[in-house]
Amino acid sequence: MSEITITIDNQEIKTKEGEYILNAARANGIFIPAICYLTRCSPTLACRLCLVEADGKQVYACNAKSKEGMQVTTSTQNIESEKRSIMEVYNVNHPLQCGVCDQSGECELQNYTLEVEVDSQNYAVPDVERKVLDWGHIHYDPALCIVCERCSTVCKDMIGDNSLKTVPRGSEGFNTDYKESMPKDAYAMWNKLNKSIIGLTSGEQMLDCTACGECSAVCPVGALTSTDFMYKTNAWEQKQIPATCSHCSAGCQIQYDVKHTDIENSDDKIYGVKNEWNYVSLCGAGRYGYDFENAGVSKDESAFNSAIEAFKKADTIKFNSIITNEEALILQRLKKKFGYKLINEEARSYGNFLNEYKKISGTSLYSGDLNTIRDSNFVVSVGTIIKSDNPNARFAFNNSMTMNKGAGLYFHPVADPVVSAMSKNMKAITHAPLQEEVVLYLILDLFANKEELPKEIVDYLATFHSTKTITVSETIKEQVIEMVVDAESGEEKEVKKMVPKKVSKEVEVDDNRLVEILKIDAFDEFMEKQLKKKDTFSLIVGEDFYTHPNSRNLARLVALIEKYSDFSVTIIPPRSNSLGVSLICDLDSEAGAYAVGYNEVADFTLCALGEGDLDMPAFNQQEGTLTSINKRVNPTNAALSYGGYTLNDLASALGVESDLTIDYTSQLPTAGGFKSTAFDDLSDHFTNAGEEVRGYALNVKKNKTSNESVEPFNEDEALAGELIYYANPVKNFSKFSQKAHQLNAKGGVFVSVARLESLGLKEGDRVTVETSTSKLTTSLYVDNQIDGDIAYLPNFDTKLNSEVLFNGYRFNNALIAKVI
Amino acid sequence: MSVENNRNVGQQDYYMVDIEDYPESNWDQFKQVVKRTFSTELFVGLWVVLREMLKFNIHTVKYPEEKLPLGPRYRAIHEMLRLMESGTERCIGCGLCEKICISDCIRMETKIDENSRKEVSEYSINFGRCIFCGYCAEVCPELAIVHGGRYENVSEQRAHYSMFDDLLTPMDTFKAGQQKEFPGFGAIIPGSDESVKKTPLAY
Ligand code: SF4
Ligand code: SF4
Ligand code: SF4
Ligand code: SF4
Ligand code: SF4
Ligand code: FES
């Protein structure tokens, strides 16, 4: 898209050809009222408030595209009268309950009513009864709804659940009285407003979705609110603390809403989480998992001294990736000084994967990120249960299909009805575990430039092709001659006609065994149809790969795809800051004799959950930075106070001294791509043009490449039989999200409805799960957001030690039996 | 005239006091000093005192046995009123008084009640900090929090609190018809009805 100049209200601005006028205006600080438009989603034209005049024609700024030299006027007499009537219409029958409404103070209806200076009402219509609905975690008050469709739009275009839609309101009292007197657009809006309301796409009672709460965030009025938050406090009382969500590697920007705890306790408490929904979409963990702080901690000197003793005695530090870059650096410095072994398996396996990858790709990091996925029109996801591993990767995948007329392939052994339903243009393929290499070979086969791809691989791929003869039926037009009687003259006439006719014929086609091994039906037809007009490709790979027995080979195949095809690759970090940790720490594979654990159980445990030997601050009580999937270093701030000791205090006492943890921000290793920027110099916002001015992007370095050899796959490795998978349900990522009162859940074996039936068991039954490595007794739960036979076990529950059932790889054979 | 329509408290028989012109030059000032020093004005004052004493006409208010009547716009310790019709509390928990309070001495908690309405669960005013500015009463959209007439609020501690129930009109007072509509600071401005534009209704 080329840069062009348009004029809005006599101001010349530069924008891109085809950009919506509204976005162009916003990016240049020109205000055009608009309610229904959401950046990154499709315009719905529900509010019609964004009227402007472009080259003499009245258009909607949110869906009219900029053209070179366009002259735009934001205000004419007619536009002003339309706006005035639109805002009057929105206020007809709107309850006068700002005094108690949760949206009051940040309500767009309040704001625009004042902006347009509505001081009297000219319209009236009898109201219909609109009952308040409790949809589980979301509360819907239709009386307040202005049917802007932002909720249903974001759910469809961004999130991909498609759980909300407009339904008929059933308004008998509506008539066409104002057709003549009301301005045209206001009338069209009034007509639609009075006939519709928001309802559920499936079911009636409960919002059965992945519960991201994005609909309530985008709702401009108080119609959709969080059930838990209802009437707890008011918008103007809370202070916003900018932070980075610590639950997964998407590293979403969030704001904690804080206010004093109650009338007696002046300490801050988090009441909720806000997001800049035009640019960031949160999942349920980010939105509802905020109160995991380690509360009521004071400095326990004796515990601190025992911790120092433990460090002196220890030869190993165990930790995980829910840690800031700064604290990871402290651990690395401790390692340097005292020779500790650093154990963090998830980050180590991820780091190894990246290291292998860069040997072929020649770059230190992968080329893609969530934005490149969003901008693609053909996305392939392999090796990740995307909706729970990294919800924002799924949003980006979905967004690419809804906004760019995109298509995609989703490969995973666990069938996922939510992901499958995202788009008709996506094919979800369930393959056997340990067949991930076949998928990558298939992608190479389909998309790699065979002229450049190493010859051995081209030859290897060719071995899977053969020709076969199939019978296809096709419709041809055939000429027939019919005799008809002319109505006027009564004469019989010969008429030539073309009629369709089905014929079957034999054709020779290419037979691809890779497709056969993966058992994909109607694959060629799908690809032929969906690859039309596709030019930007993204590959998402995930956690299944890093602990895969053939992880090394997978990394090399991914790098080959990156190098020899048009795909940009995004390699999802398995936990919040696995990328940062893998770039900062030299991790070890074998633990020593005595270990100090940081948020991991060990001989001496430092714990932010309040369960260890010495308390540590939780993420919402810490400042520092996190490295996200987008290869950015994002700052986070402490929303709540913390009275105890921190890792920095311990390190300082041990001789790795620093005043504050954030003093380490500027010392993060430049060799890993970090910059020597101080914490206080990091920005954290989005511009009106949607540009992310948050922390900084890591430097991606070029490196020498080595040979490009890859191993063939072994078809017989495929796991069959009864299987379990190591994964979390949507919204729960860790012990921290689990601690939040709205996400608190019990861990167990989760199965699909179908599997529950085939097991002949009931939800809640005690079962044993036995694998080659271990055996656990736990409860059985149903997750209706998976299909198929594979059960999964989560790791968010500290009481359930699921990892013992696995042998590195996320899948394992297991027997599930009822405890008798 | 009802109090609602006449905010001027006390008797209305004002008159202009006859005041001499101020001296303008030094000479005028000198003349004024001489005149005041040698005239008998001092004795006029002494005579007035003596006369009133003999007549036994004493105006001192014998507080605390005797208290002056307060004007409706006087701002003393707050009260929380009930709805005249139903007797339920007027406060809807909007939080505006808490927000506007200039000395940050109001704090409240709200929650959703069993009828899905917003309910005030805790409310306190720290009278040790309150400056009786009246903003809370003025901002209150429900005329729920108002200023009462109790101005004796000594306490042993600098901070002293009143809770919601302390401020709320007691039910027996209310049942006895003792709760008066509040006419003072923050009450509806006389004649408001005429300035409101009516919203059409389709019923
Ligand atoms: S939605 Fe907005 S206008 Fe409506 S009651 Fe709530 S705050 Fe007031
Ligand atoms: S619920 Fe909110 S976001 Fe959805 S249509 Fe109504 S007003 Fe718009
Ligand atoms: S858990 Fe991940 S996707 Fe969800 S809000 Fe947090 S960072 Fe974003
Ligand atoms: S009178 Fe003024 S200082 Fe006192 S509570 Fe009301 S607003 Fe606050
Ligand atoms: S302003 Fe009035 S209605 Fe609102 S919380 Fe205060 S007392 Fe209650
Ligand atoms: S913002 Fe353009 S029609 Fe609503």
Side-chain angles (χ1 to χ4, degrees), chain A residues 88-89 91-102 104-105 118-128 131-134 139-141 143 171-175 177-178 181 190 194 222 225-238 259-266 269 271, chain B residues 83 88-101 104-129 135-136 139-145 159-167 192 194-203:
Chain A
E88 272 183 42
V89 161
N91 281 297
V92 173
N93 292 336
H94 191 86
L96 262 179
Q97 63 177 57
C98 299
V100 297
C101 182
D102 276 334
S104 190
V118 175
D119 57 357
S120 63
Q121 179 63 272
N122 290 303
Y123 312 111
V125 70
D127 206 355
V128 279
K131 281 215 180 73
V132 170
L133 298 167
D134 192 346
H139 180 97
Y140 179 50
D141 187 344
S171 44
E172 278 85 43
F174 188 74
N175 53 38
D177 281 357
Y178 298 114
S181 58
W190 159 255
N194 276 291
T225 46
S226 146
T227 309
D228 181 79
F229 179 81
M230 281 283 289
Y231 295 159
K232 283 220 176 104
T233 181
N234 297 306
W236 56 80
E237 292 184 78
Q238 302 156 353
K259 184 185 103 161
H260 57 254
T261 309
D262 53 41
I263 65 168
E264 282 167 18
N265 185 352
S266 293
K269 171 180 153 181
Y271 283 79
Chain B
L83 284 171
T88 50
E89 49 234 48
R90 290 184 182 182
C91 174
I92 55 170
C94 69
L96 292 180
C97 49
E98 182 187 28
K99 175 67 188 169
I100 207 167
C101 178
D104 215 358
C105 62
I106 300 182
R107 228 177 226 193
M108 60 190 299
E109 284 165 41
T110 51
K111 65 171 204 289
I112 188 163
D113 73 4
E114 56 282 4
N115 303 318
S116 294
R117 298 177 73 96
K118 195 172 191 175
E119 181 187 71
V120 181
S121 42
E122 297 287 350
Y123 190 100
S124 72
I125 302 183
N126 178 357
F127 284 115
R129 289 181 72 138
Y135 282 4
C136 50
V139 78
C140 180
E142 302 295 315
L143 212 58
I145 191 162
H160 56 288
Y161 295 87
S162 278
M163 311 303 283
F164 198 69
D165 287 337
D166 306 332
L167 302 169
S192 302
E194 284 81 71
S195 59
V196 170
K197 292 184 198 161
K198 293 242 164 16
T199 298
L201 262 185
Y203 299 99

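Given the structure is predicted, the values throughout are model-derived calculations rather than measurements. Numbers restart at 1 for each chain; the letters A, B, ... are given by sequence-line order, proteins then strands.
- Looking at A:Asn234, the atoms closer than 4.5 Å to chain B (heavy atoms on both sides) all sit in the side chain, from C-beta outward.
- Proximity to chain A is absent for every atom of B:Glu119, based on heavy atoms less than 4.5 angstrom apart.
- Within a 6.0 Å radius of CZ in B:Phe127, other residues, nucleotides and ligands contribute more than 12 heavy atoms.
- With a 4.5 Å cut-off on non-hydrogen atoms, B:Ser121 does not touch chain A at all.
- When heavy atoms are compared at a cutoff of 4.5 Å, A:Asp177 does not approach chain B at all.
- The environment of OH in A:Tyr231 is crowded: more than 12 heavy-atom neighbours from other residues, nucleotides or ligands sit within 6.0 Å.
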*CA sep, side-chain torsions, deciding dist, call: A:Ser266, B:Arg107, side-chain contact (heavy atoms from CB on, under 4.5 Å)*: CA-CA 10 Å; A:Ser266 293; B:Arg107 228 177 226 193; 3.0 Å; yes
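- Closest approach of B:Pro200 to A:Ala124, counting heavy atoms only: O-CB, 3.5 Å.
- Going from atom OG of B:Ser116 over to atom CE of A:Met230 covers 6.5 Å, rounded to the nearest 0.5 Å.
- Proximity to chain B is absent for every atom of A:Asp102, based on heavy atoms less than 4.5 angstrom apart.
- Taking the salt bridge (Lys or Arg N to Asp or Glu O under 4.0 Å) definition, one finds that B:Arg90 meets it with B:Glu181, sequence neighbours left out.
- For A:Tyr123, the part lying near chain B is the backbone, with the side chain staying farther off; criterion is any non-hydrogen pair under 4.5 Å.
- Interatomic distance, A:Thr225 OG1 to B:Ile112 CD1, rounded to the nearest 0.5 Å: 8.0 Å.
- Only the backbone of A:Thr233 comes within contact range of chain B, with heavy atoms under 4.5 Å apart.
- Residue contact with chain B, scored on non-hydrogen atoms closer than 4.5 Å, involves the side chain of A:His260 exclusively.
- Listed by chain and number, the residues in a side chain to side chain contact (heavy atoms under 4.5 Å, CB included) with B:Cys91 are B:Met80, B:Val120, B:Ala144, B:Phe164 (sequence neighbours excluded).
- For chain A, the nearby part of B:Leu201 is the backbone; its heavy atoms alone come within less than 4.5 Å.
- Side chain of B:Glu109 to backbone of A:Ile263: a donor-acceptor contact under 3.5 angstrom is found.
- When all heavy atoms of A:Trp236 and B:Leu96 are compared, the closest pair comes out as CZ2-CD2, 4.0 Å.
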